[in-house]
Amino acid sequence: MTAADPARKPTLAVVGATGAVGTVMLDILSTRENVWGEIRLIASPRSAGKKLVVRGEEVEVIALSEEAFDGVDVAMFDVPDEVSAQWAPVAAARGAVAVDNSGAFRMDDDVPLVVPEVNAPAARNRPRGIISNPNCTTLSMIVALGALHAEFGLKELVVASYQAASGAGQPGVDTLRDQIAKVAGTELGTATGDLRAAVGDTGPFPAPLVLNAVPWAGSLKEGGWSSEELKVRNESRKILGLPDLRVSATCVRIPVITTHSLAVHAVFENEVSVERAHGILREAPGVVLYDNPGAGEFPTPNDVVGTDPTWVGRVRRAVDDPLALDLFLCGDNLRKGAALNTAQIAELIAAELSAG
């Protein structure tokens, strides 16, 4: 990539601007510090010509093409894996730094996997001109765990995630809303098939999501693990620089529109205390400590949706292990879990370019 002129603000492209995450991205760009000059909106040819509002101004969407990246300094991709796999290298070849929110490059050794609060310096080492954004489930916990790791030294994670329907994209949201409408006001019996009969098509989920919990997210991998569960393991290792970190995850879909939650059992190298953990989490950037169970204060998806930080509560030292903590975390999977982290990475690059 050629050096940008530090006297001008860099040009940003948002690829997938009309999608669910892209829409959140435009809202985030409109509320954060303006470090950008031109903001170029790119989407599929069928969306070209639409006009979207960015920072109070209408911007016309242009079709995805090689020429669309000419003059772009940073290109944020909020598109499916196969689209990113094809077009992020094109953007990089045209001189942009591609910041990709898909899973196409996360495990590529030549592509850093970045969470600015945890491993910002990794963004500078990008041999392919691409930086990857972690999965939304990983992002919902890793900012808090990164802060605890820096103090205590993380050795092992046992995670149960409770993932929102929006993690399956707009079809997941539409399916849950349709199922809610179908069962509202009905009197379901106790037979197993009653709920399935009531909702009909289960959409992207293997079982009805409404009035239910579905212990599956992603695709089937070796050993009975799901792809989502392996992402939690592999991405945590890469972000924290702990290739031998022991991670066991069980991913569950629950009938919540937006915001992922996780119950985490974390084992450390050094002895932990709730008091010290509270102090670390209070000071950690991107974290809100909300932990007073006696007053009914602990995070729930309803509290957290629409906010940027990771919220943490129910912090306890394990009864039988002075090296372990149990905690509960919530993070909006469309904001920090996707759009916000991508925007933060892009801002790191903008600062780098401005510094010359």
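- Side-chain contact annotation: E228 with S226, donor-acceptor N/O pair under 3.5 Å absent.
- Between R106 and S132, the closest heavy-atom pair is CG-OG, 3.2 Å.
- Proximity of T138 to V115: side-chain heavy atoms (C-beta onward) are nowhere separated by under 4.5 Å.
- What you find for V114 and A120 is that their closest heavy atoms are CG1-CA, 4.5 Å.
- Annotation: the span from L154 atom CG to L323 atom CG amounts to 11.5 Å, rounded to 0.5 Å.
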Q | CA sep, side-chain torsions, deciding dist, call: R317, E271, salt bridge (Lys or Arg N to Asp or Glu O under 4.0 Å) | A | CA-CA 10 Å; R317 193 166 85 161; E271 185 170 345; 3.0 Å; yes
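- Under the 4.5 Å side-chain criterion, counting only non-hydrogen atoms from C-beta, V21 is not in contact with T342.
- Residues E229 and K221 form no side-chain contact, since every pair of their non-hydrogen atoms from C-beta on lies 4.5 Å or further apart.
- For the pair V97 and D73, the minimum side-chain heavy-atom distance is 4.5 Å or more.
- Panel note: side chain K238, backbone D108; a donor-acceptor pair is recorded below 3.5 Å.
- Aromatic ring orientation, F77 versus F69: parallel (interplanar angle below 30°, classes split at 30° and 60°).
- The side chain to side chain donor-acceptor pair (under 3.5 Å) test with S166 is passed by exactly one of T259, N333, D332: N333.
- The nearest pair of heavy atoms linking A13 to V72 is CB-CG1, 3.8 Å.
- Across every non-hydrogen atom of S30 and L26, the tightest pair is OG-O, 2.9 Å.
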Q. Should R335 and D308 be marked as a salt bridge (Lys or Arg N to Asp or Glu O under 4.0 Å) after you check the CA-CA gap, both sets of side-chain angles, and the distance that decides it?
A. CA-CA 6 Å; R335 293 187 71 83; D308 290 338; 2.7 Å; yes
Pairs of donor and acceptor atoms involving the side chains of residues 200-213, under 3.5 Å and at least two apart or interchain, shall be tabulated with distances.
{"from": "D201", "atom 1": "OD1", "to": "G203", "atom 2": "N", "distance (Å)": "3.0"}
{"from": "T202", "atom 1": "OG1", "to": "F205", "atom 2": "O", "distance (Å)": "2.7"}
{"from": "N212", "atom 1": "ND2", "to": "P208", "atom 2": "O", "distance (Å)": "2.8"}

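- Nearest heavy atoms, A123 versus L348: CB-CD1, 4.2 Å.
- If you check the side chains of D303 and T300, you find a donor sitting under 3.5 Å from an acceptor.
- Here the shortest heavy-atom pairing between C251 and S161 reads CA-OG, 3.0 Å.
- Looking at heavy atoms from C-beta onward, E235 lies in side-chain contact with M107 at the 4.5 angstrom threshold.
- The shortest distance between side-chain heavy atoms of P10 and W36 falls below 4.5 Å.
- Screening T250, L262, T137, I254 for a side chain to side chain contact (heavy atoms under 4.5 Å, CB included) with Y162, the sole residue that qualifies is I254.
- Both V247 and L113 sit in one connected hydrophobic cluster of ILVMFWY residues. Membership requires side-chain heavy atoms under 4.5 Å apart, directly or through other members.
- Identified under the side chain to side chain donor-acceptor pair (under 3.5 Å) test for residues 90-101, with sequence neighbours left out: E66-R94, D70-R94, D78-N101, S84-D100, D100-S102, N101-N133.
- When hydrophobic clusters are built by joining Ile, Leu, Val, Met, Phe, Trp and Tyr residues whose side-chain heavy atoms come closer than 4.5 Å, directly or via intermediates, L325 is grouped together with V232.
- M25 is connected to I345 through a chain of hydrophobic side-chain contacts under 4.5 Å among Ile, Leu, Val, Met, Phe, Trp and Tyr, so both are in one cluster.
- Judged by distance alone, the side chain of H260 and the main-chain N or O of A164 form a donor-acceptor pair under 3.5 Å.
- R55 contributes a side-chain N or O that, together with a main-chain N or O of L29, makes up a donor-acceptor pair within less than 3.5 Å.
- Note on Y290: it clusters hydrophobically with V304, by side-chain heavy-atom contacts below 4.5 Å among ILVMFWY residues.
- Counting only heavy atoms from C-beta outward, the side chains of T310 and S140 never approach each other to under 4.5 Å.
- Under a 3.5 Å cut-off, the side chain of R40 and the backbone N or O of A68 do form a donor-acceptor pair.
- Distance CG/N135 to CD/Q163: 7.0 Å, rounded to 0.5 Å.
- Proximity of R233 to W225: side-chain heavy atoms (C-beta onward) are nowhere separated by under 4.5 Å.
- No path of Ile, Leu, Val, Met, Phe, Trp and Tyr side chains, each step under 4.5 Å between heavy atoms, connects V267 with L281, placing them in separate hydrophobic clusters.
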